[in-house]
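First up is the structure itself, then whatever we jot down about it.
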Amino acid sequence: MRTFELESVEAIDQAVRHRSVHDGQAFIAGGTTLLDLVKLDVMQPEKVVDVTRLPLKRIELLDDGRLKVGALVSNTELARHDIVMRDYPVLSEALLSGASTGLRNMATTGGNVMQRTRCPYFRDPDMPCNKREPGSGCSAIDGINRNHAVLGTSDQCIATHPSDMCVGMVAAGATLVLEGPEGQREVAFEDYHLLPGNTPEREHDLKPGELITHVILDAPRGGGQHYLKLRDRASYEFALASCAAIVTLDGDSVSDVRLALGGVATRPWRATAAEEVLKGQPATQENFERAAEAAFTDAVAYSHNGYKITLGKQAIARALRDATAAARV
Amino acid sequence: MTTDTGKTREHNLSAEKPRIDGTLKLTGGADYAADRNLPNQTWGYPVTSTITSGKLVSLELDEALAMPGVLDIFHHDNFDRLSRSPNSFAEENLTSEPRLPFEDNEIHYQGQYIALVVADTLNHARAAARKVRANYERSDDFLTDIRTLDRGEGDLPGEEQSGDASSLGDADSALESASVRLDQRYTIAQENHSVMEMHASVAQWENDMLTIYESSQGVVFQRNALAKIFGIPPEKVTVISHFIGSGFGSKLFMWPHAIMTAVAARRLGRPVKTVLSRQQEYLATGYRPTSLQRVRLGADDSGRLLSIHHDGCNESSPAGKHDDTVSGATPKMYDCGNVAVTNRLVTVNKCPPCPMRAPGESSGNFALETALDELAVQLDMDPLELRKKNFADKDPASGLPWSSNHLRECWDNAASRFGWDKRNATPGAMKDGDEIIGYGMATQSWEAMRQHCSARFGFRADGSLLVACGTQDIGTGTYTIVAQTASKLTGIPIEMIDVRLGDSSLPSGPLSGGSFATSTVLPAVSAAFDEAVSQLKTLATAEGGAFENADTDAIEFQDGRLVHGGQSVDVTQLLKDNQLGLVDAVGSAQPGDEQSQYSFRSFGAVFVEIRWDPGISRLRVARVVSTIDIGRAINPMTARNQVEGGIVMGMGMGLFEQAEFDHSGYPYNNNLADYILPVNADMPEVDVELLDYPDYHHNAFGARGVGEIGLTGVAAAISNAVYNATGKRIRDMPISIEKMLAS
Amino acid sequence: MASVNRHSTGVGFCTPGAQAEIAERPRAASGKTSDTRRITLTVNGQQHALQVAPNAVLLDVLRDELNLFGTKKGCDHGQCGACTVHVNGRSVNSCLMLACMQEGAEIVTIEGLAESAGFEQGHHPVQEAFLEHDAYQCGYCTAGQMMTASAIISDDSIDGDEASLREAMSGNICRCGAYKNILEAVQQARGKMRGGQ
Ligand SMILES: Cc1cc2nc3c(=O)[nH]c(=O)nc-3n(C[C@H](O)[C@H](O)[C@H](O)COP(=O)(O)OP(=O)(O)OC[C@H]3O[C@@H](n4cnc5c(N)ncnc54)[C@H](O)[C@@H]3O)c2cc1C
Ligand code: SF4
Ligand code: FES
Ligand code: FES
């Protein structure tokens, strides 16, 4: 593994004086993405800044009912937090479906937002990959793309965003708080991750030097919630398709619904079209399936991942069914 | 030294005992090869080919050599001139890849070693390896997956292996005249052993003696091969493998990384340790080759098999031939007089395949046992009945009687524990909520083999025993059953027995593979015991001894004492009287004429319940029941564990495992996240029962071995259960989500 | 001539003449040594002063600097669980941790598991249960299994039902497939440690 400098910071302003990855520097929190990729020589920081001593480990209920989560709160703590389990079960379930006990203990909220794609070609520095090395080509489009996206792809990159947590957050609704050399700003969670388009190397709206300090979850939406993750084996595998659903009922019809998808899209994916199909409609299996269809109208299949269109629709229909059932109790 | 064919005396030994090496394994004290750090040691890190076929034109090393901590880089232009091992199984010097490292500039496969960087630390070696630049002449003429060659009808691709073909009766005409016929093709994707302990070598030369710590299933084979390769006497090479983080066949025969490491250690005059990375080991240490199979069956209306054709095709490699002979066991499975089997090989641009748990047979079993299920559907017959109807009461291939065969009881026992009678044969008829339930079954089988073996048995003055053999314990429990055997023979408690394995300087023992270690080693331990006892008797009858001048035949060994008439002497006293710390002897055992009198084979039956949730395309194995006849289990606890582990690996074959290479030859999933293995959450309810019918024709302990059989049948039973649940017949393993959706 | 490695330029210098030079290159000439720093790690209750590189990985330091070989490497990338240790009471994958970031933390490895839990003599109940249930074969994944098991047993947020325990243990791959016995061992140890719940 390449050598790097390591610096530990104690205060946020110390951290944000540093420029980001683009300048050969990277923050390290849990390290489960960073060290994995440094060992593979995919990320090549000259300097690594340890942010784990920053005071960003709290979960705080704000006066307006929103929940403010520090960037260093571990995936385990967040998933098992009383308020999260009670008011944001879809997020708790999403977190607990990810990785493994040990990795969730290490992984942080900020790091999870920033995790990189699992595209095998991206993870091998000897292979062409537009995301890792702009202009070198995409090996997956003509190669094996079983794990790749069918939504939000471009002819430059078809890699999925692998996070489960982010899918739960998109459904729950959230805001990212970023702190940078120019001060603090907020970004809607849904807008934070970028589509690959012609610049797959640009994955998110984080400016050089900026740090994620918090994720603020919208005030609870109530309703029935469910996160369903489909994969080959029963655990310890990234999603092939997943769906976070929050369903609010008015009698037997859906008064509000939030749907987000994982494993099938190039970023944590809000399925707005599907939501529109369902809103105000009776909560029936038939309507769930119509909504699922709507979510994949624009899907593009590649040589090995056509099955994800079916699987993704199934994930939506079933998650809606189970979230609706939860809404009824 | 005496030779015991193992039949001299029957031993009644079977007991559930916790492993004697358990404490070491549970406290972190067991020393696996990669746990060895020697004084002044350096670290090797291989550089591997990133092309699949072609030539290595040049290496640029300047930058790498200038990296911190780098000591040297070994490659084609500066490597020692060595000889290949003769590669003989009989001479016990077989290697997995006969080609020597850096032998020439040909690139046969992606992941082939092109250099070895040696540095002071692992991080330095790994960082420098990234800086080695290779220039290639790339050839686009390569093949990584034989499935692309199959035309879907007629003969399988590849070159027929004359040694693999066998036939009984006239399978062609019998097929033609059969009233019920089936002709189907099956495939199994490449599986990786995925041993938890990555292959590791730590090599050290002292004067002209080489010591190498290796994660090996065959220390004697590796010692012999290294001696041939370096041109030195075997006595000058010691291979040590006290503990092995599993092998499943990939560590039976040495791979080139050990040779590179030994050369580097000699050149640097310092110990060198090379631990392959997971990515490297997935490309350079073997695999279960992809298989294509064609099965044709002919039966009469009552379900009697009239004809079986089984054709197989496997991958082999330009860097070393391996023939998995998937159809080899078929003639022995059922009572059918007209059988024809063939096997073919296709050379692919991958490292040599090698045996992987239940090699050949588990693949062939999948095709045959799935075909039988299909035949049962055609006949509208219960698949279990179909098998019972065709039970072979002797070995149809050789005509020899079985040494012991309780397959019928396995079928019945497992069927009743499983509740097979509740099966509804109509696909999709059994439901539970969102899930459709399917039941499937298959026969399990593995050949029972035995090799020659020597062991040392010693009595110590402190009352303890020393038992030593140059075999290994790869997790099967060999340490423990050897101790159980010594304890049974002597009456000395198991805690007082010091078992030494995994060292090539010990009396020559067998490979840990093929399920023959137990049947091979225990008779040698018994023979060595007899030898050691006769040494004790010699001492006792010598001048001034306890039974001076007595007839040794009249002296008996009982519970740590020598007994003569009404008198007895404690062995420890005998040693003390003679001022001896240890009395020991080597004994040997080998199979005898029973081999030409009987056919030795273990059988079992496995029943599987799967659950298919069509709404979310989720397939899970819910329940597995297996009953197996392995003769005698010396330690039923560790033996059951082997079968349970085999079932898990069989689930891998059936549901998840496939190494994938893209059109450019790129290995898409050479890591443990993308190559899918079963995890704990995939574990169904598993219920294994071992019948207890000691097979004393096989050896005096009645044990036929248990390492492989549990895996066989599982993939077929899963696929048959999937048919029962869905009416989908999936003939290509693994049964992935996309295959379920496509069919 | 095709060059897959995009950094490749021209033809290398590996002529026979050059090798002799490589072979004889003395150690000192092989470049600068990288910067290291002093850290103190608390492992199994003992403090260790160490000089390590900033990129030193905790797993490698435990094994190669502290000779604690009980913690295993099965993948080096968080994909198997063999390297699981406890840091401040939680199970973590030591292959993805920097040693330098663990100053001040309480690290426990399999070698110190029993003692850290107050079983000064003998084994931790998890170790006993693994022995009794034969919850291993080759033993290579086993330390990791037991470190995860011992952590989840004392974690109130993890339920004791079979599905929850299996799920919590799923980050520890056992290629020998001893999962059935592993579960039984975890259940037994859990019962013992939590007073027969
Ligand atoms: C084998 C394996 C399986 C996994 N399975 C899953 C899964 O099923 N589902 C899933 O969702 N995830 C999975 N993961 C991914 C895991 O969730 C992420 O690696 C983890 O969340 C990253 O968090 P971290 O704190 O470890 O990040 P780090 O590795 O510390 O950092 C990751 C990146 O984020 C940057 N960063 C960290 N903190 C901040 C911050 N506060 N502000 C700005 N930038 C920051 C770092 O510079 C780095 O680039 C898996 C990982 C592994 C290794
Ligand atoms: S899909 Fe994206 S990440 Fe993968 S190879 Fe193509 S460009 Fe790279
Ligand atoms: S070695 Fe750390 S998870 Fe595999
Ligand atoms: S005991 Fe061998 S990998 Fe688990």
Side-chain angles (χ1 to χ4, degrees), chain B residues 18-19 22 25-28 30 32 34-35 37 50-51 57-62 65-73 75 77-78 122-123 133-138 194-197 243-246 267 277-278 474-476 637-638 641 644-645 648-649 671-673 677 679-681 683 686, chain C residues 1-5 7-8 11-14 16 19 22-23 25 27 30-34 53 55 60 64 68-70 72-77 79-80 82 109-111 123 127 130-132 134 136-143 146 166-167 169-170 173 175-183:
Chain B
R19 293 167 195 255
K25 285 180 174 172
L26 297 173
T27 56
Y32 300 81
D35 298 344
N37 277 348
T50 54
I51 66 164
V57 174
S58 62
L59 290 171
E60 296 166 37
L61 304 172
D62 277 347
L65 282 165
M67 295 279 286
V70 173
L71 298 168
D72 208 345
I73 300 177
H75 50 89
D77 291 331
N78 70 359
L122 170 63
N123 270 349
R133 309 271 173 257
N135 298 302
Y136 301 102
E137 219 174 85
R138 184 211 290 258
S194 313
V195 292
M196 285 310 289
E197 181 198 18
F243 289 94
I244 298 103
S246 74
R267 289 273 291 276
S277 72
R278 181 59 67 190
I474 55 169
T476 44
M637 178 159 77
T638 51
N641 196 344
E644 289 158 6
V648 176
M649 207 178 267
N671 61 75
L672 286 178
L677 303 168
V679 295
N680 210 322
M683 205 46 196
V686 171
Chain C
M1 184 173 75
S3 166
V4 166
N5 192 316
H7 304 289
S8 309
V11 181
F13 75 93
C14 282
Q19 318 150 14
I22 305 164
R25 192 180 294 264
R27 191 177 177 189
S30 64
K32 22 173 193 175
T33 47
S34 53
N55 67 349
D60 296 331
D64 297 324
L68 295 168
F69 291 108
K72 304 301 187 197
K73 184 184 286 188
C75 70
D76 220 11
H77 288 278
Q79 304 172 352
C80 76
T109 69
I110 188 62
E111 289 89 347
H123 293 169
Q127 290 168 311
F130 267 64
L131 185 76
E132 285 167 31
D134 206 40
Y136 54 168
Q137 290 175 22
C138 74
Y140 203 77
C141 70
T142 313
M146 293 188 296
R166 283 200 189 285
E167 166 56 38
M169 293 298 297
S170 283
I173 292 179
R175 183 49 157 169
C176 295
Y179 295 129
K180 176 181 172 159
N181 294 352
I182 290 170
L183 178 74

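Note that the coordinates shown come from a computational prediction; the quantities given were computed from them, not determined experimentally.
For the set L183(C), I182(C), D64(C), the entry with the most heavy-atom pairs within less than 4.5 Å of chain B is D64(C). When Q127(C), R175(C), H123(C) are compared by the number of non-hydrogen pairs under 4.5 Å with chain B, R175(C) comes out ahead. The choice from V679(B), L672(B), D35(B), N671(B) that makes the most heavy-atom pairs within less than 4.5 Å of chain C is D35(B). Between chain B and the options T142(C), D60(C), L68(C), I173(C), the largest number of non-hydrogen pairs under 4.5 Å is found for I173(C). The residue among T27(B), L677(B), V648(B) with the most heavy atom pairs within less than 4.5 Å of chain C is T27(B). For the set A34(B), P18(B), S194(B), the count of heavy-atom pairs under 4.5 angstrom toward chain C peaks at S194(B). Of all the listed residues (C80(C), A143(C), C176(C)), the one sharing the greatest number of non-hydrogen pairs under 4.5 Å with chain B is C176(C). Of all the listed residues (S170(C), A178(C), C141(C)), the one sharing the greatest number of non-hydrogen pairs under 4.5 Å with chain B is S170(C).
Proximity to chain B involves both the backbone and the side chain of M169(C), based on heavy atoms less than 4.5 angstrom apart. In this structure, the portion of E132(C) lying under 4.5 Å from any heavy atom of chain B is its backbone and not its side chain. For N641(B), the parts lying under 4.5 angstrom from a heavy atom of chain C are both the backbone and the side chain. The part of I244(B) that comes within reach of chain C is its backbone (N, CA, C, O), which places non-hydrogen atoms under 4.5 angstrom from that chain. For A30(B), the part lying near chain C is the backbone, with the side chain staying farther off; criterion is any non-hydrogen pair under 4.5 Å. At a 4.5 Å heavy-atom cutoff, S277(B) makes no contact with chain C through either its backbone or its side chain. Proximity to chain B involves both the backbone and the side chain of K180(C), based on heavy atoms less than 4.5 angstrom apart.
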*Going through the checks in order, is the side-chain contact (heavy atoms from CB on, under 4.5 Å) test met by R19(B) and Y136(C)?*
CA-CA 10 Å; R19(B) 293 167 195 255; Y136(C) 54 168; 3.5 Å; yes

_Before you tell me yes or no, could you show the steps for I110(C) and F69(C) under side-chain contact (heavy atoms from CB on, under 4.5 Å), namely the whole-Å CA-CA distance, both residues' side-chain angles and the distance that decides it to 0.1 Å?_
CA-CA 9 Å; I110(C) 188 62; F69(C) 291 108; over 6 Å; no

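Ionic pairing of D76(C) and R278(B) is not present here: no N-O contact between side-chain nitrogen and carboxylate oxygen is shorter than 4.0 angstrom.
Remark: side-chain polar atoms of Q137(C) are not paired, donor with acceptor, to backbone N or O of S246(B) under 3.5 angstrom.
Contact check for K73(C) versus L122(B): side-chain heavy atoms found under the 4.5 Å cut-off. Looking at M196(B) and K72(C), their side chains never come closer than 4.5 Å, going by heavy atoms from C-beta outward. Annotation: side chain of V686(B) is not in contact with side chain of Y179(C) (no heavy-atom distance under 4.5 Å).
Every residue two or more places apart in sequence or in another chain that forms a salt bridge (charged side-chain N to carboxylate O under 4.0 Å, His left out) with K25(B) is listed here: D21(B). With sequence neighbours excluded, the residues that form a ring-ring contact (aromatic ring centres under 6.0 Å, His included) with Y140(C) are Y32(B).
Just one residue in the list L59(B), N78(B), L61(B) forms a side-chain contact (heavy atoms from CB on, under 4.5 Å) with I73(B), and that residue is L61(B).
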